[in-house]
Number of protein chains: 2
Amino acid sequence: MNTLSYGLLSLLTRNSRTGYELTQNIQPFWQAKHSQIYPLLAQLEQKGYVEFVHVPQSDKPDKKVYSLTDNGREALQQWIAQPTDEPVVRDELALKVFCIGLVNKEQALKVLHEREVYYQKKKEKFAQSFERIKQDSVKPLEELEIHDPLFGLYVLIQKATLKIDADLVWCEWMKTKLK
Amino acid sequence: MNTLSYGLLSLLTRNSRTGYELTQNIQPFWQAKHSQIYPLLAQLEQKGYVEFVHVPQSDKPDKKVYSLTDNGREALQQWIAQPTDEPVVRDELALKVFCIGLVNKEQALKVLHEREVYYQKKKEKFAQSFERIKQDSVKPLEELEIHDPLFGLYVLIQKATLKIDADLVWCEWMKTKLK
DNA sequence: TAGATCATGTAAGCCGTTACATGATTAG
DNA sequence: CTAATCATGTAACGGCTTACATGATCTA
């Protein structure tokens with residue numbers, strides 16, 4: 001059981017989902033392609049952590065809708081109690097910035113600007129997710145508590161927003177340095 | 001040429017370094033083990049981007065001190081001008097938080113506390129790096145400009161500090177949510 | 001005397017990306 | 001008419017981790 005497998009189980013605590021949906025939904029938390037997810041789902045099914053129903057469709061391809069079993073839920077609870085791996089961050093930009101003195105200010109600003117645009121788009125996406133769960137929630141988000149179904153997603157969006165704001169502050173600060 | 005290879009060249013713009021030192025020095029920016037680095041250095045040498053001198057030592061094992069060639073410096077400049085890959089972040093904690101409602105508040109706080117301690121230690125390390133380059137620098141750090149040798153490292157420490165502070169703010173906020 | 005540090009290297013295996021493969025519907 | 005979306009799967013390859021291998025000095 002690798003970390004991604006637990007991630008798939010985590011998503012299934014909220015809803016039943018297809019492999020296709022899981023591939024999309026896990027992206028904000030863990031980058032993975034469908035070619036990695038489908039074999040893992042087959043393994044999880046063999047272990048009895050998930051089960052699926054085959055749903056034939058006429059207009060679109062047939063699909064398998066996966067849901068979490070009781071065994072799967074127990075495995076998740078045990079996983080949460082285990083020590084958590086340290087986060088892994090690999091950012092090509094950091095390596096470029098380290099030796100940014102090799103190029104002139106104009107080129108450096110170009111590199112930075114590309115990343116700033118990326119951060120702004122990401123911020124926009126998080127804002128949209130925030131609006132979406134605001135609509136879905138029965139209570140105001142600030143009142144959500146640990147056992148409310150949207151709690152985890154809500155606090156993760158907060159985390160992501162805080163970090164992206166830090167990134168944008170740094171971008172602004174860098175622009176003053178490169179003028 | 002993968003990203004890590006360029007990262008090794010980046011470090012060599014500042015100093016000549018051994019494979020052992022490169023392995024340690026690249027950790028804050030790109031996690032990689034020596035078993036990955038040594039073969040890459042051999043490749044970089046074959047491509048003519050780095051060269052090394054064999055330095056025999058009596059008390060410690062002999063070492064190879066690598067330095068950047070003119071070809072290597074040119075390769076770096078071209079790399080900087082290419083579009084930058086998006087950052088990859090894989091954090092097991094995010095997956096756990098998504099389904100944190102499966103456990104009680106006490107257990108959730110334990111998971112969070114473990115991570116908070118990790119963030120605090122990281123913050124301490126960045127503060128030390130900051131002090132070190134403050135000592136090494138001929139000018140006050142705020143006056144460093146793009147072509148100063150410590151500029152890249154200085155702005156990277158600023159970036160890391162801003163992000164870690166965001167992480168710590170989130171941890172504090174989460175504690176209020178779980179009380 | 002056990003473990004950390006310095007120092008380099010190879011081998012096996014898992015993790016993740018890219019590419020191959022199929023095929024219907026819908027939007028621009 | 002082309003591209004995107006839905007939907008699942010396999011194969012090949014490159015990236016990264018763990019383990020194997022060696023060996024001296026220094027610290028607790």
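As the structure is a prediction and not an experimental result, all values here were calculated from the model. Letters A, B, ... mirror the listed sequences (proteins, then strands); counts begin at 1.
By the salt bridge (Lys or Arg N to Asp or Glu O under 4.0 Å) test, Glu124(A) pairs with no residue at all, sequence neighbours left out. The salt bridge (Lys or Arg N to Asp or Glu O under 4.0 Å) check on Asp148(A) picks up Lys139(A), with sequence neighbours excluded. In terms of the ring-ring contact (aromatic ring centres under 6.0 Å, His included) criterion, residue partners of Phe29(A) (sequence neighbours excluded) are, by chain and number, Phe98(B). Taking the ring-ring contact (aromatic ring centres under 6.0 Å, His included) definition, one finds that Tyr154(A) meets it with Trp173(B), sequence neighbours left out. For Tyr49(B), the ring-ring contact (aromatic ring centres under 6.0 Å, His included) test picks out no residue, with sequence neighbours left out. Not counting sequence neighbours, Phe126(A) has no partner by the ring-ring contact (aromatic ring centres under 6.0 Å, His included) test.
Of the listed nucleotides (dT25(D), dC16(D), dA19(C)), dC16(D) has the atom at the smallest distance from the side chain of Leu4(B). You'll find that the side chain of His34(B) is closest to dG9(C), out of dG15(D), dC16(D), dG9(C). Listed candidates were dC15(C), dT25(C), dT17(C). Nearest to the side chain of Gln31(A) is dT17(C).
Computed from coordinates, the Asp59(A) CG to dT5(D) C1' distance equals 11 Å when rounded to whole Å. Put simply, NZ on Lys33(A) is 11 Å from P on dA19(C), counting in whole angstrom units. Rounded to a whole Å, the CZ atom of Arg17(A) is 17 Å from the C1' atom of dC6(D). Computed from coordinates, the Gln43(B) CD to dG15(D) C1' distance equals 12 Å when rounded to whole Å. Between Leu40(B) atom CG and dG14(D) atom C1' there is a gap of 11 Å when expressed in whole angstrom units. Gln27(A) has its CD atom 12 Å from the C1' atom of dT17(C), to the nearest Å. Spacing between atom CG of Leu8(A) and atom C1' of dC15(C) amounts to 14 Å, rounded to whole angstrom units. The interatomic distance linking Phe52(B) (CZ) with dT8(C) (P) rounds to 10 Å, in whole Å.
As judged by a 4.0 angstrom heavy-atom cut-off over every strand, Ala32(B) is placed among residues touching the sugar-phosphate backbone only.
For residues 31-41 of chain B, no pair satisfies side-chain hydrogen bond (donor to acceptor under 3.5 Å, both in side chains), with sequence neighbours left out. Residue pairs that meet the salt bridge (Lys or Arg N to Asp or Glu O under 4.0 Å) test with at least one member in residues 37-55 of chain B, sequence neighbours left out, do not exist here.
End-to-end axis angle for the helix from dT1(C)-dA28(D) to dG28(C)-dC1(D), using five pairs per end and rounding to 10°, comes out at 50°.
Taking 4.0 angstrom as the limit, Gln36(A) places none of its side-chain polar atoms (N or O) nearer than this to OP1 or OP2 of dC15(C). Side-chain nitrogen and oxygen atoms of Trp30(A) include none within less than 4.0 Å of the OP1 or OP2 phosphate oxygen of dC15(C).
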Short N/O separations, protein against nucleotides 2-7 of chain C, under 3.5 angstrom:
from	atom 1	to	atom 2	distance (Å)
dC6(C)	OP2	Tyr20(B)	OH	2.9
dA7(C)	OP1	Gln57(B)	OE1	3.4
dA7(C)	OP1	Gln57(B)	NE2	2.9

Show me the donor-acceptor pairs within less than 3.5 Å that the side chains of residues 103-112 of chain B make with the rest of the protein, sequence neighbours left out.
from	atom 1	to	atom 2	distance (Å)
Asn104(B)	OD1	Glu106(B)	N	3.3
Asn104(B)	OD1	Gln107(B)	N	2.9
Lys105(B)	NZ	Lys179(B)	O	3.1

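A donor-acceptor distance shorter than 3.5 angstrom exists from the side chain of Gln27(A) to the backbone of Thr23(A), with no hydrogens or angles considered.
Across residues 86-93 of chain A, Arg90(A) each have a non-hydrogen atom less than 4.0 Å from an atom of DNA chain D (numbered order).
Both Met1(A) and Val65(B) lie close to DNA chain C; mapped to their nearest nucleotides by heavy-atom distance, the more 5′-ward contact belongs to Val65(B).
Summarising the geometry of Trp79(A) relative to Lys96(B), their closest heavy-atom pair is O-NZ, 3.1 Å, with the distance given to 0.1 Å. Here the closest non-hydrogen pair linking Gly72(B) and Leu9(B) is O-CD1, 4.1 Å.
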